[in-house]
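This report refers to the structure that appears directly beneath it.
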Amino acid sequence: MATADTAPAEPHAPPAQPHSCTPPLQRPPAATVPGQPRAASLPGPSHSADVPGQPSAATLIGSVQRAMRLLETVAAHEYGAPAKQLARETGLALPTTYHLLRTLVHEGYLRREKGLFFLGDAAERLSSSGAQQKRRSTVADTLAHWRDSIGAPVYYAMYRNGEIEVVCVSDSRETPAVEEWADFRETGHAHAIGKCLLSQLDEDARRDHLTRYPVQSITPYTVRDNHALLRRLDRMPRMEPVVERQEYALGTVCAAIPITVGTTAATMAISLPAHQADRLLPAAQRLQTEMGRHLGALMLSISI
């Protein structure tokens, strides 16, 4: 397999800082302060903490359950359903059904047309958001599987709205990711992810990117100027791994596999310590093979 190699390899990597596609952990509950009462726990059904003038916790939960049941029932009717049918199918009293339907329509979760109820824009947005989160979770799980089977951190990045965006990184204590000590967006000329994405762009888009983020020296191995980088990009074989050796971080080598779907440029990449450079190409080839088996899921995830 031909590869686009970009520089010689050598010494020692700076300490890596793990990355993740999972959201940060939530702050733990505040500790109790001596002399102050502990925060009340959520009331159970037998001792609700009612506030004067407000419905009880049990009533609020019941209302949510009934509203969710209505939403699910409406969703099952592609061509809409009237209130009386929805009341019958959910087992709710008709006045309760009307009250919940009015509220859900007001909030945008349902819409009413000619006496029939349909899912509204707010419910559609929830569905879309849920699908997006599921795709993110699928990509994260896939990257974690490849990380463990290949024995290297795996990166997923895209070129979106004129910027290099690292969407997800899967690493571990045993296979730490490269520390982002210089902004990945501004140093695309130096790392394999950036060069792989830029190689998929047309000449005008590349020049536009380099006008905004010109080549600068990151390490002694970094390409020297815009013209040298453009010449190197022109020589890269299409759809072959792009290899970078210590151009972004001393002691680190990296390989990126291009993914092009329509006009969208994306890449999967791996990195290794420089002393394991002999593993880089076999690992990149294995990643490329694995990607070929999951290309359908990857193409769907491009919309993350």
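Given the structure is predicted, the values throughout are model-derived calculations rather than measurements.
By the neighbour-count criterion of 12 heavy atoms within 6.0 Å, atom CD of Glu113 is densely surrounded, having more than that number from other residues, nucleotides or ligands. The 12-atom threshold is exceeded at CZ of Arg69, counting heavy atoms of other residues, nucleotides or ligands nearer than 6.0 Å.
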Which donor-acceptor pairs under 3.5 Å do the side chains of residues 77-92 make with protein atoms, sequence neighbours left out?
| from | atom 1 | to | atom 2 | distance (Å) |
| --- | --- | --- | --- | --- |
| His77 | NE2 | Glu89 | OE1 | 2.8 |
| His77 | NE2 | Glu89 | OE2 | 3.3 |
| Gln85 | NE2 | Glu89 | OE2 | 2.9 |
| Thr90 | OG1 | Leu86 | O | 2.7 |
| Thr90 | OG1 | Ala87 | O | 3.4 |

Do Asp225 and Arg231 pass the salt bridge (charged side-chain N to carboxylate O under 4.0 Å, His left out) test, and can you show the C-alpha distance, the side-chain angles, and the key distance before you say yes or no?
CA-CA 10 Å; Asp225 55 54; Arg231 286 196 302 271; 5.1 Å; no
Between Arg238 and Glu240, is a salt bridge (charged side-chain N to carboxylate O under 4.0 Å, His left out) present by the stated rule, with each step listed?
CA-CA 6 Å; Arg238 287 186 59 79; Glu240 296 293 344; over 6 Å; no
Before you tell me yes or no, could you show the steps for Glu186 and Arg212 under salt bridge (charged side-chain N to carboxylate O under 4.0 Å, His left out), namely the whole-Å CA-CA distance, both residues' side-chain angles and the distance that decides it to 0.1 Å?
CA-CA 8 Å; Glu186 300 177 5; Arg212 291 179 287 118; over 6 Å; no
Please determine whether side chain to side chain contact (heavy atoms under 4.5 Å, CB included) holds for the pair Arg286 and Ser149, giving the CA-CA distance in whole Å, both sets of side-chain angles, and the decisive distance to 0.1 Å.
CA-CA 10 Å; Arg286 182 172 176 182; Ser149 64; 3.6 Å; yes
Audit row: Tyr159, His209, side chain to side chain donor-acceptor pair (under 3.5 Å) steps and yes/no:
CA-CA 11 Å; Tyr159 196 82; His209 183 89; 2.9 Å; yes
Could you walk me through whether Leu230 and Glu203 satisfy the side chain to side chain contact (heavy atoms under 4.5 Å, CB included) test, starting with their C-alpha distance in whole Å, then the side-chain angles of each, then the deciding distance to 0.1 Å, before giving a yes or no?
CA-CA 9 Å; Leu230 289 171; Glu203 185 175 350; 5.8 Å; no
Verdict with supporting geometry, Leu197 and Glu163, side chain to side chain contact (heavy atoms under 4.5 Å, CB included)
CA-CA 10 Å; Leu197 293 174; Glu163 299 291 346; over 6 Å; no
Ile270 vs Leu280, side chain to side chain contact (heavy atoms under 4.5 Å, CB included): CA-CA, chis, key distance, verdict:
CA-CA 8 Å; Ile270 57 173; Leu280 187 64; 4.3 Å; yes
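Side-chain contact check for Val169 versus Val154: every heavy-atom pair is 4.5 Å or farther apart. Using a 4.5 Å cut-off on side-chain heavy atoms (C-beta onward), Ile259 and Thr267 make no contact. Within the 4.5 Å cutoff, the side chain of Thr252 has no heavy atoms near those of the Leu272 side chain. Using a 4.5 Å cut-off on side-chain heavy atoms (C-beta onward), Leu229 and Asn226 make no contact. Between Tyr248 and His189 the shortest side-chain heavy-atom distance does not fall below 4.5 Å. The shortest distance between side-chain heavy atoms of Thr187 and Glu180 does not fall below 4.5 Å. Under the 4.5 Å side-chain criterion, counting only non-hydrogen atoms from C-beta, Thr175 is in contact with Arg147. The shortest side-chain heavy-atom distance between Arg66 and Thr96 falls under the 4.5 Å cut-off.
Tyr155 and Ser271 are linked by a side-chain donor-acceptor pair at a separation below 3.5 angstrom, with hydrogens and angles left out of the test. Counting only N and O atoms by type, the side chains of Tyr156 and Glu165 include no donor and acceptor under 3.5 Å apart.
Applying the side chain to side chain donor-acceptor pair (under 3.5 Å) rule to Arg224 yields the partners Ser217; only residues at least two apart in sequence or on another chain are considered.
Cluster annotation: Val139 and Met291 are assigned to the same hydrophobic cluster (Ile/Leu/Val/Met/Phe/Trp/Tyr, side-chain heavy-atom contacts under 4.5 Å, transitive). By the rule that hydrophobic residues join a cluster once side-chain heavy atoms approach within less than 4.5 Å of another member, Leu110 and Tyr98 end up as members of separate clusters. If you chain together hydrophobic residues whose side chains sit under 4.5 Å apart, Leu281 and Met268 fall into the same group.
Note that CD of Glu72 and CG of Leu119 are 10.5 Å apart. Values are rounded to the nearest 0.5 Å. The distance from atom SG of Cys254 to atom CD of Glu247, rounded to the nearest 0.5 Å, is 10.5 Å.
Ring pair His191/Phe184 is perpendicular by interplanar angle, where above 60° counts as perpendicular and below 30° as parallel.
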